[in-house]
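Values reported hereafter were calculated over all heavy atoms of this structure, with side chains retained and with hydrogens, waters and symmetry mates removed. None of the values given here were measured: they were computed from a predicted structure.
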Amino acid sequence: MPWPSRKRDKGAVADKKEPDAKIAKTEEKTPDKEEEEKSTKPPAGSSKSGWKNWKKTKESDSGGEESKITYCHWLLKSEPESRLEKGVDVKFSIDDLKAQPNQTTFWDGVRNYQARNFLRAMKLGQQAFFYHSNCKEPGIVAIVKIVKEAYPDHTQFDQKDPHYDSSSRKENPKWSMVDVQFVRMTKRFIPLSEIKAHHLAHKADGGPLKNMMLFTRQRLSIQPLTQEEFDFVLSLEEEKPH
């Protein structure tokens with residue numbers, strides 16, 4: 001598949017790049033401004049009733065059984081606005097993904113070990129939120145799915161690529177990538193500020209977003225989600241923005 005660079009995680013370095021026509025994702029460059037700068041705290045109180053109503057619906061659907069705490073969904077950050085990294089524009093928005101052949105691309109450029117391990121844990125068919133990062137208003141814009149499990153990231157061997165790693169060897173590659181495919185846009189844009197309001201409320205009342213990695217490890221460009229976290233965030237697309 002022909003795309004550019006996706007994310008990178010150089011230990012807190014926003015990592016994305018976009019050689020040719022691929023995807024530039026964001027990773028962990030500077031403590032993602034998005035989470036810290038753009039996370040204004042909306043009224044957390046309004047989240048509680050939403051959580052209780054959501055919980056009641058989920059319990060009626062599942063007989064009240066709690067979801068197992070396992071990661072089966074993901075959140076992938078990508079930068080929708082131009083940013084040069086070593087002379088390469090690492091921009092890659094959801095529109096860029098939709099413009100790719102078969103609306104599919106590889107998610108390369110990840111240079112953080114924890115994020116890489118999350119990539120390697122992804123399974124075929126699992127879904128992920130496509131998250132616009134390091135922009136005026138960060139948030140979730142779409143859903144994508146994993147269509148190819150982890151394999152060596154070719155950009156680590158390309159000296160012209162912003163994410164070139166001279167210490168990586170082809171016989172034992174350090175970095176991996178996966179292929180993702182566009183599934184659909186979310187019914188509405190779900191901003192970081194809104195998700196944070198629920199997170200703050202859930203920390204107080206034990207809701208599903210209380211430990212969401214978007215706020216506990218905000219600098220990671222690839223983050224796992226539990227079934228409860230994914231379902232709750234997805235339910236927000238049905239609500240009118242506050």
Side-chain angles (χ1 to χ4, degrees), residues 3-19 22-41 73-86 88-100 105-112 114-116 118-119 122 127-144 146 155 162-163 177-178 180 182-183 185-186 188-199 209 212-225 229-230 233-234 236-237:
W3 335 155
S5 71
R6 274 55 312 166
K7 338 234 121 353
R8 169 193 61 185
D9 260 303
K10 240 186 180 168
V13 175
D15 66 26
K16 269 192 327 183
K17 65 177 199 182
E18 195 168 304
K22 302 170 186 184
I23 300 181
K25 289 63 180 179
T26 197
E27 183 85 18
E28 147 167 6
K29 191 162 188 172
T30 49
D32 270 0
K33 323 181 227 190
E34 12 166 309
E35 271 77 40
E36 301 182 354
E37 297 178 358
K38 311 247 168 180
S39 310
T40 48
K41 312 176 182 178
H73 297 283
W74 310 91
L75 183 146
L76 307 178
K77 295 181 181 179
S78 188
E79 299 180 29
E81 298 176 357
S82 291
R83 178 175 68 80
L84 294 180
E85 190 168 328
K86 295 183 179 179
V88 176
D89 190 351
V90 298
K91 165 188 176 294
F92 197 86
S93 69
I94 189 62
D95 289 333
D96 292 317
L97 173 58
K98 291 167 68 177
Q100 298 300 325
T105 191
F106 48 77
W107 205 264
D108 63 318
V110 173
R111 298 296 182 269
N112 170 278
Q114 185 174 21
R116 178 207 64 184
F118 286 146
L119 274 177
M122 292 177 175
Q127 293 191 332
F129 287 127
F130 192 106
Y131 180 98
H132 278 171
S133 171
N134 289 337
C135 54
K136 186 175 181 180
E137 187 172 23
I140 293 169
V141 297
I143 296 172
V144 300
I146 310 306
T155 65
H163 303 136
M177 61 186 181
V178 298
V180 302
F182 174 76
V183 174
M185 300 295 292
T186 47
R188 68 177 179 89
F189 172 67
I190 305 174
L192 172 64
S193 58
E194 182 178 343
I195 302 171
K196 184 172 185 179
H198 289 287
H199 164 68
L209 302 192
M212 191 176 185
M213 206 170 286
L214 185 59
F215 306 101
T216 62
R217 289 301 307 275
Q218 57 261 46
R219 291 163 67 183
L220 282 177
S221 66
I222 295 180
Q223 303 176 359
L225 296 170
E229 289 171 340
F230 183 85
V233 172
L234 191 60
L236 298 179
E237 69 175 352

How long is the span from the [atom1] atom in [X] to the [atom2] atom in [Y], to the nearest 0.5 Å?
X      : Y      : atom1 : atom2 : answer
Phe118 : Arg217 : CZ    : CZ    : 7.5 Å
His199 : Thr216 : NE2   : OG1   : 7.5 Å
Leu119 : Gln114 : CG    : CD    : 11.5 Å
Leu220 : Leu76  : CG    : CG    : 12.0 Å
Arg116 : Ile222 : CZ    : CD1   : 11.5 Å
Asp95  : Phe182 : CG    : CZ    : 9.0 Å

Partner residues of Phe129 under the ring pair (Phe, Tyr, Trp, His ring centres under 6.0 Å) criterion, sequence neighbours left out: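 Applying ring pair (Phe, Tyr, Trp, His ring centres under 6.0 Å) to Phe129 gives Phe230.
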
What's the shortest heavy-atom distance between Ser78 and Pro80, and which atoms? O-CD, 3.3 Å

Of the non-hydrogen atoms in Pro191 and Glu137, which two are nearest, and what is the gap between them?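 Smallest interatomic distance, heavy atoms only, reads CB-OE2, 3.6 Å.
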
Is there a side-chain contact between [X] and [Y] in this structure, where contact means two heavy atoms from C-beta onward sitting under 4.5 Å apart?
X      : Y      : value
Glu81  : Lys136 : yes
Ile140 : Ile195 : yes
Ile190 : Glu237 : yes
Glu229 : Leu75  : no
Val233 : Met212 : yes
Phe215 : Leu209 : no

Whether [X] side chain and [Y] backbone form a donor-acceptor pair below 3.5 Å:
X      : Y      : result
Asp89  : Leu84  : no
Thr186 : Val141 : yes
Gln223 : Leu214 : yes

One pair to check against side-chain contact (heavy atoms from CB on, under 4.5 Å): Met177 and Thr155. What are the steps and the verdict? CA-CA 10 Å; Met177 61 186 181; Thr155 65; 5.8 Å; no

